[in-house]
Amino acid sequence: MSDNIKISIDIPLDENGMIGRECLECEKYFKLKPGTGLPTSHCHCPYCEYEGEADTFWTPAQLEYAKSIALNEAFNQIIKPSFDKLNRSFKELERRTRNNSFFKITVKTSGQSFSIPIKYYSEEELETSLTCDNCGLEFSIFGVFAQCPDCNELNAFLIFEKSIDATNKQLDILTKPDMPKEIKENSLMFILSSCVSAFDGLGKELRKRKPDLYPDKPNNLFQNLYSLNLKLNNFIETKHPDFDFLIKLFQVRHLYEHNMGVIDDDFIKKLPIFSKDLGKKYILTEKEMEKFISSIRTLGEIMKDHFLTSEKK
Ligand SMILES: [Zn+2]
Ligand SMILES: [Zn+2]
């Protein structure tokens, strides 16, 4: 008789149909929804370089659970029948020795309810839920940036687009006619700043993935479109139809951030056309912001192009 028994165990999904996963290498946790994404059993860690078969991604809690189920099954299939058999043999011995005053055996069994506790668990809550725009996998992660566990595409561009979508919605709310003027002004500034921050976040992530492609000097390279373009050998300028406009608004954002929006020498040095406006406040308009949102979206696409094509080198 073989000592091997086969037990198949279903690992339960959470209330949203997601299964928890943990990377062997970095030991970080994430979740994904079986049935979405690619038809593959190969999985990439969203956080690090590790990749492997899906069954190398069990979490310790899932393994403990599976082990407890397997032990119970093994107990019921192997040990319990032997116990029962042993028990029966003892009973038989007891019966045979019943009338023997010299040698007597009595068997007492203390209930049959022996069992191994099942180690239940629940999956963790995560910070960002995403649907991969490349393969459709639904997954959730800690933090914001990750690679897709199925197709390995970096989600930094998706996150960037989502952020820009959000600023677009904010702008929609602002264009309502009953919005007070000062709120409008502050909000346009806030939207401009959010767009540049989103682009900066994208840049930091791209630099993390390809440090050779995007230098870490000067500081905050992705907030400074002028320098970024130079570092990329005018890649952006040659591709973007509204490059000058983008440069202007990146500088305006700098003004708002560091000089209350008042035009200074540094601004004029980069945009001489404003020399007559020295000392005046730069007033953003809705039209400009509308154009900026669509321009920075295009900028994101150009950066994606740069990031992916440079990968092939
Ligand atoms: Zn990992
Ligand atoms: Zn994907």
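When a ligand or atom number is given, it counts from 1 through the structure's own listing order.
Checked for salt-bridge contact, Lys239 and Glu301 miss the test: no charged N lies under 4.0 Å from a carboxylate O. Ion pairing between a basic and an acidic side chain is recognised when a charged N comes within 4.0 Å of a carboxylate O; Asp200 and Lys204 show such pairing. For the pair Asp266 and Lys270, the salt-bridge criterion is met [side-chain N within less than 4.0 Å of a carboxylate O].
With the Zn ion (ligand 2) as the vertex, SG (Cys148) and SG (Cys135) define an angle of 100°, rounded to 10°. Seen from the Zn ion (ligand 1), atom SG on Cys48 and atom SG on Cys23 lie at an angle near 110° (rounded to 10 degrees). For the pair SG of Cys45 and SG of Cys26, the angle whose vertex sits at the Zn ion (ligand 1) is 110° to 10 degrees.
By the 6.0 Å and 45° rule, Lys291 stacks over the aromatic ring of Phe245.
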